[in-house]
Participant: 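Sharing a structure with you now.
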Amino acid sequence: MTESQPTEPPETAAPPDGDHSGEGLDATDTPHNVRELSNVPSVEVISRAAVMLMSAAAEKLGLAEEDPDDSPVRDLDEARRLITSLAGLITASVEYLGPHAGALRDGLQTLQRAFREASSEPDPPGQGPGEKYTGPVH
């Protein structure tokens, strides 16, 4: 005898016409296990975005690998874009970050230094990723 396969409850099943706009919603049209964005403080949204950019930049720098120089995912062009975006976000929102600002700035500077070390021809001071927002990082 075989076990029966679980089926999706009717309120989350996709309509037959292929419209997936209600997918993952319950009968009250509220996403499962997701807080309403209107209830999330802005500092938390900004901090989460910054952490996501930091994590992605670290991956693109190969920092998750034992030997970053041999990382198959290292992509300095992508890392530059992510670090610059992170610098813009932190610089623009520093007044709202309160006690989180210092840690986020430290993380940004660490990524900027790691980028400089990873570059075969480092950018001149002040022209590295995000340095137009943060000033030169040595």
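Computed from heavy atoms alone, side chains included, the values below leave out hydrogens, waters and symmetry copies.
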Participant: Tell me which donor-acceptor pairs under 3.5 Å the side chains of residues 56-66 have, and how far apart each pair is, sequence neighbours excluded?
Facilitator:
none

Participant: Please report the interatomic distance CZ(Arg113) to NE2(His138), rounded to the nearest 0.5 Å.
Facilitator: 9.5 Å
Participant: Side-chain polar contacts of residues 81-104 - donor-acceptor pairs under 3.5 angstrom, sequence neighbours left out - could you list them?
Facilitator:
from	atom 1	to	atom 2	distance (Å)
Arg81	NH1	Glu78	OE2	3.2
Arg81	NH2	Asp77	OD2	3.0
Thr84	OG1	Arg80	O	2.9
Thr84	OG1	Gly130	N	3.1
Ser85	OG	Arg81	O	2.9
Thr91	OG1	Ala87	O	2.7
Ser93	OG	Leu89	O	2.5

Participant: What are the two closest non-hydrogen atoms of Arg116 and Pro125, and how far apart are they?
Facilitator: NH2-CA, 4.1 Å
Participant: Show the nearest heavy-atom pair for residues Leu108 and Met54, with the distance to one decimal.
Facilitator: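 Nearest pair, atom of Leu108 first, then Met54: N-CE, 3.8 Å.
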Participant: Does this structure show an ion pair linking Glu44 with Arg48, if we count only N-O contacts that are shorter than 4.0 Å?
Facilitator: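 Salt bridge: yes.
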Participant: Which atoms form the tightest heavy-atom contact between Glu131 and Val137, and what is the distance?
Facilitator: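 That would be OE2-N, 3.3 Å.
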Participant: Are Leu76 and Leu53 linked, directly or through intermediate hydrophobic residues, by side-chain heavy-atom contacts shorter than 4.5 Å (ILVMFWY only)?
Facilitator: yes
